[in-house]
Amino acid sequence: MRYSQLFIPTLREVPAEAEIESHKLMIRAGLIRKFASGIYNFLPLGYRVFRKIENIIREEMDRQGGQELHMSALIPAEVLRESGRWDVFGPEMFKLTDRSSREFCLGPTHEESFTVSVRNEVRSYKNLPQILYQIQTKFRDEIRPRFGVMRCREFIMKDAYSFDRDEAGLDVSYRKMHDAYCSIFDRCGLDYTVVQADSGAMGGSGSEEFMVKSNVGEAAIAYCDDCGYAANDEKAQCVEPSGPAVSKQAGMFEKVHTPGIGSIDDLCGFFDCGAEKFAKTLIYLADGKAVAAVIRGDRDLNETKLQNLLGCVVLEMADPESIRKSTGAEVGFAGPVGLGIRKIMDLEVRHMVNFITGANETDYHLKNVNPADCGNVEYADIRNIASGDGCPVCGSPVKMDRGIEVGHIFKLGTKYSDALGCTYLDENGKERPMVMGSYGIGVARTMAAIIEQNNDSGGIIWPVGVAPYQVIIIPVNTTNEEQVALSEELYSKLIDAGIDVLLDDRKERAGVKFNDADLIGIPVRITVGKRAAEGVVEYKMRRDAKSTDMESGAALDRIRTDLGL
RNA sequence: CGGGAUGUGGCGCAGUUUGGUAGCGCACCUGGUUUGGGACCAGGGGGCCGCAGGUUCGAAUCCUGUCAUCCCGACCA
């Protein structure tokens, strides 16, 4: 394509709305424009990259036996009512009604659509397994869209669903999707990690996330360099401190007057000690019922773990009134001793000796408390893992990092097939629920993640496989006939060779063209300049600092090598 | 939803404290000179200062309300 005819609105200055590098560059390079909060339009250059990524996804999904189809974005309420999710999704779902008041939503996800389709058509074990997928727009009214296309309200996802006869079949399908995802993200040039994840509200027996390491990632991951263990922080298991729990005698504690001092920070000052000397007691409402969660003062509670343990639908921090009712004290003075509600205590607390807790009496704390004082408690892993904690597999200290979740694969089991009656008849004529898996990739988020990992001060550095154009030809001086002629010759040869090539025929100064070429990140740049009359051009890879002079024919050969053709 | 900030040509910003003809840089158009890392000279076009009320002789500026956007948090297959 000829640059002079294209719609590539690059920007010199960084729009004020963008915070992270990928977002800034996507706007500056003319890939996207914001249309409303959390809603973006893709411009031609951005859409070319988008389609490259989509096609990589298609190829790898198809290679594993996936079949592409397309489900309606508009979903009738009844299928979500049938699975019970119409109300579960709540305000995150865009709901609407048609002219005769029938209810619909703009699909936030498509488990129901796929499950209903398969249920209506597939009856026999002979037709299983199936892996179906689509690349489709999802709508979620995110509470806080951010970072451009990283988290937005309308986004395109590749979502796949597998249907198998049994768990063993699911394992096979799941493995195929896992492998497909590895190939996809490899081809996108991403440095990623596969981590264990909580399957959350999706239900099911296991899930893994594909995380692109990045300090702007929204997810925290714990990993172990020694054994390779890696998990999302929601999932990462905390091991109980080794050795037997200390069984200090009960009743050694004493009450201390701590007027108005309820926060851990203030208490550290008052008692002149570190936060690890405290056992903090957090009051939660699990489906409306008060529960106490006790963890060491310097730790963070892991609500996912607590919720999984309690098996409740809604878990929220208790309001001050509920706290008063269940502890008999104001907020900040709760403690496990003598507390009359269900108490979940973190494994670590079992090993603490002579710690400080609230006294369940306003303005009082207890010191020298020991587990034996706490009465009936349940011990469980309910805290967040922290850097330096023991790896649950090998015991080495784990490290923490941040990651962008670009893909997530789930073993759903029969949650949806049970709810929606998606069954088949086995060899014995017996009706069984299909065993399902679901597999998602955020396409635009993947694009943003690629940019996060591949940029410099000049702009984007596209990996060859996803670049909007693979080669850009820059005639330095468009009034020089020899330069123009050689540029045109190379241009048509590259087109004939089936290479995506951009000819920067704009009547701009060389500096402008170089800077735009760097900004939009084209992998190979051919500069046709002073030595055009000798048939010599400059060859430069975007990722390299220096260029090399070579005869134009040699440049064509070199392109084939560098693009892996 | 809580906390913070910002809305002034396409983009980035100044002007608001102390009311008095709406500015700068970039981009854009015309002409000329230039032509290897975002050229220069000259001329030019484009803004109900987010919106609605109010105060005032007079409001970008003061007051009230409202909307939007961004950041932090809560939230989130």
Side-chain angles (χ1 to χ4, degrees), chain A residues 9-20 23-24 27-28 30 33-39 80 83 85 88-93 107-112 114 138-148 150-153 155 157 159-161 197-204 207-209 216 218-219 232 234 303-304 307 314-317 319 405 407-412 415-416 436-442 457-459 474-480 483-484 504 506-519 525 527-532 537-538 540 545 547 549:
Chain A
T10 59
L11 259 35
R12 289 195 189 187
E13 298 194 75
V14 186
E17 73 193 42
E19 197 69 16
I20 62 171
H23 189 195
K24 291 177 185 171
I27 296 171
R28 280 230 293 141
R33 286 293 184 264
K34 186 173 68 179
F35 208 44
S37 177
I39 299 177
L80 282 157
S83 71
R85 291 211 294 178
V88 172
F89 269 108
E92 197 183 324
M93 193 158 68
T109 175
H110 283 82
E111 278 77 13
E112 285 82 357
F114 278 79
K138 308 289 184 207
F139 299 87
R140 293 182 196 173
D141 194 358
E142 288 286 348
I143 204 159
R144 176 140 110 86
R146 63 172 117 188
F147 296 155
M150 281 288 187
R151 180 182 268 329
C152 45
R153 299 194 293 171
F155 59 99
M157 177 185 272
D159 51 324
Y161 305 85
D198 185 77
S199 35
M202 294 296 299
S207 86
E208 289 168 293
E209 291 170 338
V216 301
E218 292 186 89
N232 181 317
E234 286 182 346
E303 291 190 10
T304 304
Q307 184 162 15
V314 179
L315 181 71
E316 54 188 347
M317 287 203 82
D319 54 285
E405 180 191 343
H408 199 161
I409 56 179
F410 293 89
K411 291 184 181 176
L412 292 178
K415 177 175 169 159
Y416 294 93
M436 294 174 55
S438 89
Y439 317 90
I441 291 177
S457 60
I474 299 183
V476 168
N477 186 338
T478 47
T479 60
N480 177 303
Q483 292 183 19
V484 171
D504 195 347
R506 293 177 300 167
K507 293 177 179 24
E508 290 284 353
R509 295 168 68 84
V512 173
K513 297 188 195 181
F514 290 147
N515 281 310
D516 274 336
D518 287 350
L519 178 60
R525 187 180 89 192
T527 308
V528 182
K530 292 188 191 85
R531 301 180 65 190
V537 299
E538 279 166 42
K540 181 179 175 297
S547 63
D549 278 9

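If you're wondering where the values come from, they're calculated on a predicted model, not measured in any experiment. Order of the sequence lines fixes the chain letters, A, B, ..., with proteins taken first and strands second; residue numbering starts at 1 for each chain.
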Checklist entry - Just checking D516(A): base, sugar-phosphate only, or nothing, at a heavy-atom cut-off of under 4.0 Å? => result base
Give me the distances for all protein-to-nucleotides 27-30 of chain B N/O pairs that come in under 3.5 Å?
| from | atom 1 | to | atom 2 | distance (Å) |
| --- | --- | --- | --- | --- |
| A27(B) | OP1 | R12(A) | NH2 | 3.1 |

(message) Tell me if the side-chain of R525(A) makes a donor-acceptor pair with the base of G37(B), cut-off 3.5 Å, by modelled atom types.
(response) yes
Separation of G36(B) atom C1' from D504(A) atom CG, nearest Å, is 13 Å
- Item | U17(B) to G7(B) separation - P atoms, rounded to the nearest Å | 14 Å
Taken to the nearest whole Å, NZ/K540(A) to P/G37(B) is 14 Å
Sorted by position of nearest nucleotide on RNA chain B, 5' first, the leading residue of A18(A) and K513(A) is K513(A)
Minimal heavy-atom distance between E508(A) and K513(A), with the atoms involved, is O-CE, 3.4 Å
When rounded to whole Å, the CZ to C1' distance for the pair R153(A) and C76(B) reads 14 Å
**Message:** Assess whether a salt bridge exists between R525(A) and E538(A), defined as any Lys/Arg side-chain N lying under 4.0 Å from an Asp/Glu carboxylate O.
**Reply:** no
Across all chains, not counting sequence neighbours, the side chain to side chain contact (heavy atoms under 4.5 Å, CB included) partners of P108(A) are F89(A), M93(A), C105(A), R140(A)
Rounded to whole Å, the CZ-P distance (R146(A) to G4(B)) equals 18 Å
| query | Under the 3.5 Å rule, do the base of G37(B) and the side chain of D518(A) count as making a donor-acceptor pair? | reply | yes
Report task. Taking atom C1' in both U8(B) and A22(B), compute the distance separating them and give it to the nearest angstrom. Result -> 8 Å
- Message: Using the C1' atom as the point on both nucleotides, what is the distance between G2(B) and C11(B), in whole Å?
- Response: 33 Å
Sorted by chain and residue number, the salt bridge (Lys or Arg N to Asp or Glu O under 4.0 Å) partners of D549(A) (sequence neighbours excluded) come out as R531(A)
**OP:** Using the P atom on both, measure U61(B) against G50(B) and round to a whole Å.
**Re:** 8 Å
A197(A) meets the side chain to side chain contact (heavy atoms under 4.5 Å, CB included) criterion, sequence neighbours left out, with S207(A), E209(A), N232(A), H408(A)
### Query
Distance between the P atoms of G25(B) and A14(B), in whole angstroms?
16 Å
Would the base of C76(B) count as contacting R151(A) through its side chain, where contact means a donor and an acceptor less than 3.5 Å apart? yes
Given the options E19(A), E17(A), E218(A), R146(A) meets salt bridge (charged side-chain N to carboxylate O under 4.0 Å, His left out) only with E218(A)
Quiz item: M157(A) near the nucleic acid: base, sugar-phosphate alone, or nothing, with a heavy-atom cut-off under 4.0 Å?
Solution: base
* With a non-hydrogen cut-off below 4.0 angstrom, is F147(A) in contact with a base, only sugar-phosphate, or nothing? -> sugar-phosphate
Enumerate the protein-to-nucleotides 44-46 of chain B contacts in which both atoms are nitrogen or oxygen and the separation is below 3.5 Å.
none

Rounded to whole Å, the NZ-C1' distance (K507(A) to A39(B)) equals 17 Å
Nearest-Å distance once atom P is located in both C49(B) and C62(B): 15 Å
Whether each nucleotide of nucleotides 7-13 of chain B has a protein heavy atom under 4.0 Å at its base (B), only at its sugar-phosphate (S) or at neither (-) is summarised, 5' to 3', as ----BSS
In whole angstroms, the gap separating C1' of A5(B) from CD of E19(A) amounts to 12 Å
Check: In terms of side-chain geometry, is the basic nitrogen of R151(A) or E142(A) positioned less than 4.0 Å from the acidic oxygen of its partner?
Finding: yes
R85(A) atom CZ is separated from C76(B) atom C1', nearest whole Å, by 13 Å
- Message: Between G9(B) and G46(B), how many Å separate the two P atoms, rounded to a whole number?
- Response: 15 Å
Of the listed C71(B), C75(B), A39(B), the closest approach to the V512(A) side chain comes from A39(B)
For E316(A), report the nucleic acid contact type (base, sugar-phosphate, nothing); a contact means any heavy atom under 4.0 Å.
-> nothing
Smallest heavy-atom separation, Q483(A) atom then V528(A) atom, equals OE1-O, 3.3 Å
On a whole-Å scale, what distance lies between the P atoms belonging to G3(B) and G47(B)?
-> 38 Å
Ranking E92(A) and L519(A) by the position along RNA chain B of their nearest nucleotide, the one closer to 5' is L519(A)
task: Indicate, with a heavy-atom threshold strictly under 4.0 Å, whether P108(A) touches base, sugar-phosphate, or nothing.
output: base
When rounded to whole Å, the CD1 to P distance for the pair I143(A) and G2(B) reads 11 Å
